[in-house]
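Let me begin by presenting the structure, written as C-alpha cells, before commenting on it.
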Amino acid sequence: MLEPLRRIVQAVNQAASLQHALDTLVGDVKRAVGADVCSVYLTDPDHREHVLQATDGLRADAVGRVRLPLNRGLIGWVTERADVVNLDDAYTHPRYLRVHDTGEERFHGFLGAPIMRNRKVLGVLVLRQREARAFSDDVVSFVVTLAAQLAAAIALARSTGELDRMRFQDGGSEHFLSGLPASPGIAFGTARVVYPAADLDAVPDRVPADADAEIAAFRAAIDAVTTDIAGLASRLGHVLRDEDRALFDAWRLMLESEALTAEVHERIRAGNWAQGALRATICEHAAVFDLMDDAYLRERGCDVRDLGRQVLMRLQQRDAATDATPPRTILVGDEISAMQIADVPLESLAGIVSSRGSSSSHMAILARGMGVPAAMGVAECPVGRLEGRELIVDGYRGRVYVSPSPSVRAEYERLAADDRELSAELEELRGLRCETTDGHALPLYLNTGLVSEQRPHGIEESAGVGLYRTELPFMVRDRFPSESRQVEHYRRVLETFAPRPVTIRTLDIGGDKPLPYFPIEESNPFLGWRGIRITRDHPEIFITQVRAMLRAAIGLENLKLLLPMITTVDEVDDALLLIERACDELCDEGYDAVMPPVGVMIEVPAAVYQADALARRVSFLSVGTNDLTQYLLAVDRNNTHVASLYDDLHPAVLRALMTVVAGARVHDREVGVCGEMAGDPLAAVLLLGIGVDSLSMSASGLLRVKGVIRSMSRARARELLRTALQCETGNAVRQVMISALEDVGLGGLVRPGR
Ligand code: PEP
Ligand code: MG
C-alpha cells in the first residue's frame, strides 16, 4: 500500500484547496482499500458538531448538511476516545446512531480514525463496508497515516481562514458565527466592512472589481499626497530643521519612485485592490529597513510607513466617497466607531456586527438606542472576507449567518414577523401611565445622546430624559466643540422635551469612549482617567460645557445636571464650586442663568457605601448599573472573554442598589437607575421592589417595561425581591423572575434578549 499512500499524500499536499483535497482523498482511499464508503467529518467546535465534509459512497447531497452532535454516535465515540474504532457490525454497537439522509443504513463494517493535532480532534476519517467484517491491521495503519496528513492540511486551512470559507459556500449556509447578543432584533442585509482609518495593518486583501479603476485611484492618491507634502514643505519651509526638510525630500523621492508605483500596479494586476496592494508594498519596503543594524536607517522604516499611511488615507477617503451605501447596510468591523456609524444614513443601517466588545460596551448601547440589531464579540468573524456578503444578524442570540440558506432565511422571516406582532401588541400601551396595579407610579425616562438623531424615538412616551450622554458631539468631531456649538446642541434637546426635565451628564470620556483628538494611552482604561477625573483635571473643558448647558436652559428651566464616575465627596464639592462659578460668571455677563438641580451617578462601589454623604451634597442620585456591575464584579464591560460573568442580576448588584436607596432616603433624595438594567423588564420589577423612584432607558425598552410594571402590584414586586435575595447567583434570580413574568402571561417579553 506504500505507493497509493505516497500518491494520496502528494495529492492532499498539492490540492488547490482543502475541499479539493478531501474530495480527492475519499475517492482514492475508497479505491485503495476496497471499502464501500470513505467519508471525512470535520469538527465544528463552536457548535459542538461534526459536519460531513466529503464522501465517496454516501449521498453527495448530504455533504455540508449532515451535522452530528459532538458526543453522539460512533463518530462521537471515536472523538471521545481519541483513538481508532474498528467494528465488524456497527449496528450492534450501543453507540450506533442512525443518521438519516446519508443512505448509510446499508453498511455494517465501520472504521473510524481521529484526525488529531496538538491533542485536539479536528475530525474523523471513516470507512464503511457493506458486509459485516472488521478492517485489517494494514488498512488501519494506512488510514491512521492519512489522518495525520489530513490534520496538517486542516490546521493550515483553519489558520488561513479557508475552513470558514468552506462553511460559507454559495448555495446557502446554515452555519453561523457565534457572538454575544448586543441589541435585540433581526437584521437582513449586506455587509459593509469598516476598518480603523489609516491603519495599514488593518487593510485586508480583496479582489478588485475593476483593476484599471484601482490603478487610477492609486495614481490620484499619490498625486494628492505629493501636493499635500509640497504645500506643507513650502508653508513650513522657513521653520523646518535640516533633518525635517530631508524627510520631506525623502517622501517626495519615494512618491516619484517608479519602483513603488510599479510594484503596487503589479499587485493590483495580480488581483488585489489598491489599498491591499499598497499595504503589501509598503510593508515589504519598511521591513528591509527594519532589519538594518544602523539605528538611523532603521528609523527610515517608520518614514516609509508614515508615507504609506498618508496614501492610504487618501484611498480610504476616495472609497468612502464613491462606495454606495447598500440600502440595508450591516456594518462589520473589529471595532466600529461612533463616527463610522454616523457615516451611514440611519434609514440604511440595518445591523451591526463587531468582532470585539460585549453587550454592555458603549457601541452596544448605541445600537440599542437606535433600535439596530447587533451582535458583538463575534471573535471568529472573518471580517476581511465579508464585504458585500449577504448576512442575517440575530441580535437576540448574538448570531451571524453568512450567505444564509433559504431555510435559515425562512425561519428568520418567521421570527421577524413574530417580533412585529409583539411590537404591535405593545403599541396599545402607548400613552398609558406607567403605574402598578395598585396605583404606584414609576416614571420612565429616556436615555439619549449617544445617538445623533434629530428627534429621538420615545419622545412622547417618556417623562423626560433621564440620561443625556454628551460624548457623541465630542466623539464625531476632530476637536473640542466650542461653547456656542454646545449651546445649540443642548438647546435642541432641552426644547424638544420642555417642560419635561432633561438630565444632561457632563463629559464621560475615557474607558471605551475615546476622543480621536484627545488620545489617552492606559493599560487599564476603565480604572484610569475617565469621567469626572478628566474634567476635574481640565476645568477649562468642564466649565465650557457647564456654561453651555446653563445658557441653553435659559427660559426653559428644565435642565438637571449629572456628574459621572464620582468616587469621592471631594470630586462633588469641586464640581459644585465650578458649576456655581460658571453660573455666577454668566450672570455677571448678563445672562439669566440659574443653578440647576445637580445629581451624581453611583457607578463606583465606593459611592454605594457613601450614598448618604453624596446625597447630602446634591439633589438626586442616578445609578449607572453598567459601570457599577463591571466594578462590583470585576468584569470589564467591553471584554468578550469575560462577558458571561457580567450579570446585573447578580445578588451583589441588587444588594448594592438597596444600600444606595437607603443612603438617599437619609436625606430624602430621589434615586433613579439609568444603566441598561432599567430597560430590562425582569430587572425593572426588582428595581420597583427595591424602591427606586424612576427608571431611564433606551427607547426600545419603554413599552416593554411599562407592560410589566402595569401588570404587577408593588407588594408583589417586593415579594419577588425577597425571593431573589435568597438566591446565590444571577442565573437563579433570572429564573425566579422569568417564571414570575410567565405566570402573569408576559413570557413573550422575556425570551432571550427580549
Ligand atoms: C452606566 O454606567 O450605567 C451608565 C449609564 O453610563 P455609561 O453606560 O455611559 O458608562
Ligand atoms: Mg457609566
Side-chain angles (χ1 to χ4, degrees), residues 1-15 18 20-43 50-59 62-63 66 68 70-99 102-157:
M1 282 206 188
L2 216 52
E3 179 48 29
L5 187 64
R6 199 193 52 76
R7 204 170 25 78
I8 297 172
V9 168
Q10 197 177 30
V12 166
N13 291 338
Q14 287 176 354
L18 178 63
H20 198 238
L22 297 180
D23 290 340
T24 314
L25 174 132
V26 288
D28 287 354
V29 172
K30 185 181 123 173
R31 274 188 299 281
V33 303
D36 294 309
V37 177
C38 177
S39 310
V40 175
Y41 291 80
L42 292 190
T43 311
H50 284 115
V51 185
L52 177 63
Q53 199 65 50
T55 187
D56 188 334
L58 298 182
R59 281 172 46 177
V63 170
V66 165
L68 311 172
L70 211 55
N71 53 359
R72 306 252 335 260
L74 289 174
I75 309 288
W77 203 47
V78 174
T79 307
E80 247 168 72
R81 287 164 41 94
D83 196 4
V84 172
V85 171
N86 188 1
L87 304 171
D88 53 0
D89 193 356
Y91 291 129
T92 57
H93 194 276
R95 290 292 294 262
Y96 176 72
L97 172 77
R98 183 165 161 210
V99 183
T102 59
E104 69 151 49
E105 40 290 297
R106 293 166 283 138
F107 307 105
H108 290 268
F110 174 98
L111 173 65
I115 304 171
M116 301 206 46
R117 189 157 179 100
N118 296 339
R119 289 186 290 146
K120 282 211 175 73
V121 179
L122 306 181
V124 179
L125 179 56
V126 179
L127 294 180
R128 305 297 308 269
Q129 198 73 52
R130 210 163 261 122
E131 64 272 21
R133 76 162 166 93
F135 288 89
S136 70
D137 285 354
D138 263 2
V139 171
V140 172
S141 55
F142 180 77
V143 166
V144 168
T145 313
L146 280 176
Q149 287 294 322
L150 264 187
I154 293 169
L156 179 68

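All residue numbers refer to positions in the sequence shown, counting from 1. Fair warning: this is a prediction, and the values are worked out from it, not measured in the lab.
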Inset, instruction - Spell out, as yes or no, whether a donor-acceptor pair under 3.5 Å connects the side chain of Arg128 to the backbone of Gly109. - result: yes
Legend entry - Reported CZ-to-CG distance for the pair Phe107 and Asp36, which is rounded to 0.5 angstrom: 6.0 Å
Inset, instruction - Supply the atom-to-atom distance Leu25 CG to Asp56 CG, rounded to the nearest 0.5 angstrom. - result: 10.5 Å
Legend entry - By side chain to side chain donor-acceptor pair (under 3.5 Å) - contacts of Arg130 (at least two apart): none
Legend entry - Minimum side-chain heavy-atom gap His93-Trp77 below 4.5 Å: yes
Legend entry - Heavy-atom check, side chain of Val126 versus side chain of Val37, under 4.5 Å: no
Legend entry - Test item: Thr79 and Tyr41 side chains (from C-beta on) under 4.5 Å apart, heavy atoms: no
Legend entry - Member of Val139, Val33, Leu87 meeting the side-chain contact (heavy atoms from CB on, under 4.5 Å) criterion with Leu111: Val139
Legend entry - Spacing of CG belonging to Leu125 relative to CG belonging to Leu42, to within rounding of 0.5 Å: 10.5 Å
Inset, instruction - Please list, chain by chain and in numerical order, all residues satisfying side chain to side chain donor-acceptor pair (under 3.5 Å) with Arg95, sequence neighbours excluded. - result: Glu80
Legend entry - Side chains of Val78 and Val85 in contact at under 4.5 Å (non-hydrogen atoms): yes
Inset, instruction - Locate the shortest heavy-atom distance separating Leu122 from Ala151; write the atom from each residue and the value. - result: CD1-O, 3.7 Å
Inset, instruction - Determine yes or no for a side-chain-to-main-chain donor-acceptor pair under 3.5 angstrom, with Thr43 supplying the side chain and His50 the backbone. - result: no
Legend entry - Check: Leu58 and Val66 side chains under 4.5 Å, non-hydrogen atoms: no
Legend entry - Interatomic spacing from CG in Leu146 to SG in Cys38 - rounded to 0.5 Å: 8.5 Å
Legend entry - Over all atoms of both residues, closest heavy-atom pair of Ala82 and Pro114: C-CG, 3.7 Å
Inset, instruction - Please name all residues satisfying side chain to side chain donor-acceptor pair (under 3.5 Å) with Asp89, sequence neighbours left out, ordered by chain then number. - result: His108
